[in-house]
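Just follow the structure's listing: the first ligand is 1, and inside any ligand the first atom is 1.
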Amino acid sequence: MNATLPTAESLRTALAALLDGLPPRQATQAVDRLIASYRGTTPTDAPVLRDRSDVAAYAAYRMPATFEAVRAGLDALREAAPHWTPATHTDIGGGTGAASWAVAGAWEDGPRTTVLDWAEPALTLGRELAEASGAPALRAVTWQRARIGTALELAPTDLATVSYVLKELTPGDRAALVDATAAAAQAVVIVEPGTPDGYARIIEARDRLIAAGLSVAAPCPHSAACPIEPGTDWCHFSARVSRSSLHRQVKGGSLSHEDEKFSYVAATRFPTGPVRARVTRKPQLRKGQVLLELCTRDEGLRRATVTKRHGELYRAARDTAWGDPWPPHTAPDQGSL
Ligand SMILES: C[S@@+](CC[C@H](N)C(=O)[O-])C[C@H]1O[C@@H](n2cnc3c(N)ncnc32)[C@H](O)[C@@H]1O
């Protein structure tokens with residue numbers, strides 16, 4: 001990997017350097033206030049991220065996790081479209097730039113990114129973090145104030161990202177934003193928290209993107225209706241996030257990592273190669289067998305039991321993680337397994 005591409009590690013370093021001066025008590029209070037705002041009524045009429053300490057708290061408390069979730073969504077898009085590289089990228093509701101860091105890290109010749117957000121303090125801190133990254137693609141990002149709503153106009157772009165934003169919008173603005181990204185972008189990646197309502201917003205967005213003529217590249221193996229019966233379950237994935245001491249300080253607790261649960265959809269105007277099936281739960285390892293919950297192209301939701309008898313495929317199943325394609329590209333094709 002190119003040393004100037006941003007990584008989770010370089011994000012942690014940039015955050016630590018920038019937030020060094022923030023008194024711990026002030027940071028903790030800002031985190032508490034943010035949690036209360038996000039638990040309260042959203043959408044709001046004015047930005048939740050009002051000042052520097054709100055934004056610093058958001059960046060320290062949430063940015064490493066939203067970065068990892070977007071990165072996982074982008075990895076799945078890249079697997080489905082390995083020959084595609086975006087030349088331009090618009091990150092809508094981009095805040096302090098988590099998705100822009102993930103995009104700049106995903107392609108060697110990172111696209112020209114524009115971040116749109118209505119919270120000026122978020123854009124300012126985002127610009128400072130990008131400067132501190134040392135990554136040319138991030139230093140070249142344009143940070144622009146914009147309000148998401150029916151009046152939002154998006155310039156044509158190769159890639160649009162909308163990460164952890166839909167929840168903050170009214171249903172009308174949410175629909176308008178998804179339609180605007182579908183009209184403006186060749187590829188759209190939308191990420192939400194991996195909760196039942198986050199998944200419901202993803203499915204609604206997925207339906208709108210398909211209605212606008214895009215096809216699903218990931219995580220789904222097809223662009224037909226989601227096989228999950230509404231209200232019975234929710235499709236979500238998990239990304240491992242390393243916690244720095246700063247992160248532990250603002251979030252409390254002593255674990256060196258946490259798992260960020262997220263739901264997402266990546267859809268494109270150009271043809272891609274979606275997976276034949278995807279692992280939708282943490283695989284269960286039993287003695288001599290691996291149980292995989294799968295969402296498949298041809299057979300909807302189903303469980304595969306891979307045993308020692310399957311040889312190489314069994315070894316591959318033991319290395320397979322939640323969210324991975326199945327069968328892995330390297331494994332022999334064994335029919336409906
Ligand atoms: C939870 S943060 C997510 C930030 C970033 N995308 C990430 O993944 O870390 C939601 C962002 O959406 C922005 N936002 C919410 N409603 C908005 C609106 N109506 N217009 C513009 N930005 C908005 C907020 O200012 C905030 O930066």
Query raised in the report: Hey, any chance Ile148 and Val265 share a hydrophobic cluster, counting ILVMFWY side chains that come within less than 4.5 Å of each other, even indirectly?
Result: yes

Query raised in the report: Do you reckon Ile210 sits in the same ILVMFWY cluster as Leu214, going by side-chain contacts under 4.5 Å, direct or chained?
Result: yes

Report summary line: In Asp173, Asp197, Leu177, the residue satisfying side-chain contact (heavy atoms from CB on, under 4.5 Å) with Leu166 is Leu177

Query raised in the report: Among Trp326, Phe237, Trp322, which residue meets the side-chain contact (heavy atoms from CB on, under 4.5 Å) test with Arg278?
Result: Phe237

Report task. Please name all residues satisfying side-chain contact (heavy atoms from CB on, under 4.5 Å) with Leu154, sequence neighbours left out, ordered by chain then number. Result -> Thr90, Ile92, Leu116, Leu152, Ala180, Thr181, Ala184

Which of the numbered atoms in ligand 1 are below 4.0 angstrom from a heavy atom of [X]?
{"X": "Tyr164", "answer": "1 (C), 2 (S), 3 (C), 10 (C)"}
{"X": "Gly95", "answer": "27 (O)"}
{"X": "Gly93", "answer": "4 (C), 5 (C), 6 (N), 11 (C), 12 (O)"}
{"X": "Ala119", "answer": "25 (O)"}
{"X": "Ala146", "answer": "20 (N), 21 (C)"}

Report the part of [X] (side chain from C-beta onward, or backbone N, CA, C, O) that has a heavy atom under 4.0 Å from ligand 1; answer both or neither where that applies.
{"X": "Ile148", "answer": "both"}
{"X": "Tyr58", "answer": "side chain"}
{"X": "Ala99", "answer": "neither"}
{"X": "Val191", "answer": "neither"}

Is a salt bridge present between [X] and [Y], judged by a nitrogen-to-oxygen distance below 4.0 Å?
{"X": "Arg139", "Y": "Glu131", "answer": "yes"}
{"X": "Glu9", "Y": "Arg12", "answer": "yes"}
{"X": "Glu68", "Y": "Arg71", "answer": "yes"}

[X] versus ligand 1: do any nitrogen or oxygen atoms come within less than 3.5 Å of each other?
{"X": "Leu169", "value": "no"}
{"X": "Thr66", "value": "yes"}
{"X": "Ser163", "value": "yes"}

Report task. List the steps and the verdict of salt bridge (Lys or Arg N to Asp or Glu O under 4.0 Å) for Arg145 and Glu120. Result -> CA-CA 7 Å; Arg145 193 130 182 223; Glu120 188 68 46; 3.7 Å; yes

Requested in this report: Pick, from Trp101, Phe67, Trp118, the option with the minimum heavy-atom distance to atom 17 (C) of ligand 1.
Outcome: Trp118

Query raised in the report: Which is closest to atom 5 (C) of ligand 1 in terms of heavy atoms, Ala102, Ala69, Gly94, Ser100?
Result: Gly94

Query raised in the report: Judged by non-hydrogen atoms, does Arg147 sit under 4.0 Å from ligand 1?
Result: yes

Report task. Could you name each residue pair satisfying ring pair (Phe, Tyr, Trp, His ring centres under 6.0 Å) that touches residues 160-198, not counting sequence neighbours? Result -> none

